[in-house]
Amino acid sequence: MRFDTVIIGGGLAGLLCGIRLSENGQRCAIVSRGQSALGFSSGSLDLLSHLPDGQPVRDLNSAIALLAQHHPAHPYALLGAERVRHYAQQTQTLLADCGLALQGDVDTPHLRVTPLGTFRRAWLSPEEVPLKPDVSQRTGVIGISGFPDFQPQLAAASLRKRGIDAHAEEIELPVLDKLRDNPSEFRAVNIARHLDAPEHYAALYEALRPLSQQYDILYLPACIGLTDSSVFTQLNQQLACPLRLLPTLPPSVPGMRMQFLLQQRFIHSGGSWMPGDEVLHADIHDDRVTQLWTRKHEDIPLRARHVVLASGSFFSNGLIADRDRVREAVFDLDVLQCDKHSDWYRDDIFETQPWQQFGVQTDAQLHALRQGKAIHNLYVVGSVLGGFDAIAQGCGGGVCAVTALHAAQQIAAQGGEQ
């Protein structure tokens with residue numbers, strides 16, 4: 001099977017790259033092993049919140065200049081501030097075109113409310129996610145009876161410590177009794193499948209209506225809106241006060257909605273989606289990938305002019321930790337890592353862990369390096385890259401988006417070149 005580009009990995013980075021290429025007229029395929037990390041995310045994206053030394057980022061340009069000076073392996077350092085800003089702005093437009101209503105901007109990061117009642121800096125967040133509230137707002141934090149993945153008392157208490165007049169409430173919703181009978185089924189995604197059904201809207205509205213008359217704003221666990229925001233929009237039109245949603249423990253409804261909408265956009269743009277498959281190995285000749293071999297297609301190789309590796313980090317098995325080294329799973333690419341196993345981690349679990357920055361090494365154009373040589377038609381994007389700590393630096397979503405669009409731009413610019 002022949003394609004212009006084959007992308008390995010169907011998470012945020014792979015999908016953004018695939019959408020951009022398919023809409024540019026390329027014949028593009030995504031080989032997706034299974035559930036990506038996107039479905040386990042909050043649906044919010046970070047661009048860059050902290051430098052590696054823990055210093056908060058107040059200006060993106062100066063922060064990336066410091067990365068280039070002191071941490072040259074960071075993906076942002078490789079691309080430079082101008083490109084990072086450019087691709088971040090393109091991401092905002094692309095996500096909106098995919099039907100994702102997000103709040104935020106490159107130059108105006110915000111503080112979103114977390115399910116624990118804390119505030120976390122973000123670049124983009126779903127429109128239903130609450131931002132840091134006005135202290136004068138009387139806030140109702142609503143739990144669903146029997147739902148184990150959100151504790152309204154804990155969230156409300158945490159908000160009160162931050163000066164917010166927050167109080168915990170609970171609604172029953174008997175329409176969920178069938179799910180409630182099986183604790184393993186009483187999870188956000190399954191609840192959303194029920195509450196998104198038109199026949200259950202009235203029960204949800206009637207449970208929230210009296211509370212909306214007592215508070216200035218309501219926070220509900222994100223258990224609606226699995227594929228669109230119609231129920232959320234209708235509730236906000238009819239309730240007496242605004243309603244906002246807090247993502248729960250994974251799998252997360254906002255994260256799964258983002259995955260669904262991006263996947264649909266890729267397919268509708270003409271892309272080939274290959275679910276439940278994985279690339280096992282590849283043929284490489286003259287520093288170019290010539291063929292990919294997958295588990296499902298066995299003796300039928302995938303051939304493409306360009307390949308994009310967006311396989312994710314340890315969570316998605318894009319990186320594999322053996323006893324003596326960390327390796328990349330498909331091409332055995334060069335991996336940025338500590339030589340000694342004892343240097344992979346810190347004894348204090350609350351410290352920044354070195355292994356979080358392990359990942360594939362590339363040149364400045366994001367071409368993969370193998371035994372020190374660039375593979376000229378293989379680009380590496382997203383969390384499989386090395387040189388950054390997505391959690392400590394608050395840049396995971398940004399790195400995925402920016403590097404994906406940079407790879408797509410380079411591939412598209414080559415046009416029909418062989």
Side-chain angles (χ1 to χ4, degrees), residues 1-41 98 189 227 250-251 255-256 258-285 288-322 326-333 335 359-360 368 370 375 377-385 400 403-404 407-408 411:
M1 290 185 285
R2 292 187 177 276
F3 299 92
D4 294 311
T5 301
V6 170
I7 299 170
I8 303 171
L12 178 63
L15 283 165
L16 289 177
C17 186
I19 291 168
R20 177 51 51 89
L21 289 173
S22 291
E23 293 185 344
N24 197 57
Q26 287 233 348
R27 186 164 183 245
C28 186
I30 292 179
V31 181
S32 177
R33 181 176 181 176
Q35 180 70 51
S36 79
L38 186 57
F40 292 79
S41 75
C98 291
V189 172
T227 58
M256 293 192 69
M258 181 177 284
Q259 172 85 39
F260 172 78
L261 290 175
L262 292 177
Q263 183 178 323
Q264 291 303 302
R265 180 64 174 241
F266 173 71
I267 293 171
H268 291 159
S269 68
S272 297
W273 180 254
M274 299 182 175
D277 202 358
E278 60 180 318
V279 177
L280 300 177
H281 60 91
D283 295 338
I284 300 176
H285 298 289
R288 297 182 69 86
V289 179
T290 57
Q291 297 183 134
L292 299 171
W293 302 88
T294 75
R295 177 171 53 81
K296 275 190 173 181
H297 293 92
E298 296 180 345
D299 58 345
I300 304 175
L302 306 183
R303 297 186 177 95
R305 295 203 311 272
H306 307 282
V307 178
V308 178
L309 182 66
S311 53
S313 187
F314 297 98
F315 177 86
S316 304
N317 289 323
L319 298 175
I320 305 294
D322 294 330
V326 172
R327 59 184 174 85
E328 184 276 317
V330 179
F331 303 94
D332 197 21
L333 302 174
V335 173
V360 172
R370 189 168 184 255
I375 302 177
N377 68 336
L378 175 59
Y379 297 86
V380 184
V381 302
S383 55
V384 72
L385 285 165
C400 286
T403 57
I411 292 170

Atom pair [atom1]/[atom2] of [X] and [Y] - distance to nearest 0.5 Å:
X	Y	atom1	atom2	result
H281	Q291	NE2	CD	9.5 Å
M256	Q263	CE	CD	10.0 Å
F331	L378	CZ	CG	5.0 Å

Could you go through V384 and L333, starting from their C-alpha distance and side-chain angles, then the distance that decides it, and tell me whether this counts as side-chain contact (heavy atoms from CB on, under 4.5 Å)? CA-CA 11 Å; V384 72; L333 302 174; over 6 Å; no

Walk me through whether L309 and V307 qualify under side-chain contact (heavy atoms from CB on, under 4.5 Å). CA-CA 7 Å; L309 182 66; V307 178; 5.8 Å; no

If you apply the rule side-chain contact (heavy atoms from CB on, under 4.5 Å), what do you find for I411 with N24, and how did you get there? CA-CA 10 Å; I411 292 170; N24 197 57; over 6 Å; no

Are the side chain of [X] and the backbone of [Y] linked by a donor-acceptor contact shorter than 3.5 Å?
X	Y	value
R295	G276	yes
R265	I19	no
E328	V330	yes
S36	L38	yes
T403	G382	yes
Q26	F3	no
D277	V31	no
T290	D283	yes

Side-chain heavy-atom pair C400, L16 within 4.5 angstrom cut-off: no

Side chains of H306 and L21: closer than 4.5 Å at any heavy-atom pair?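 SC-SC contact between H306 and L21 ruled out.
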
Intermediate values then yes/no, side-chain contact (heavy atoms from CB on, under 4.5 Å), K296 and M274: CA-CA 10 Å; K296 275 190 173 181; M274 299 182 175; over 6 Å; no

Grab the two heavy atoms, one from G18 and one from I30, that are nearest each other, plus how far apart they are. CA-CD1, 4.4 Å

When every non-hydrogen atom of I320 is compared with those of A329, the smallest separation belongs to CG1-CB, 4.1 Å

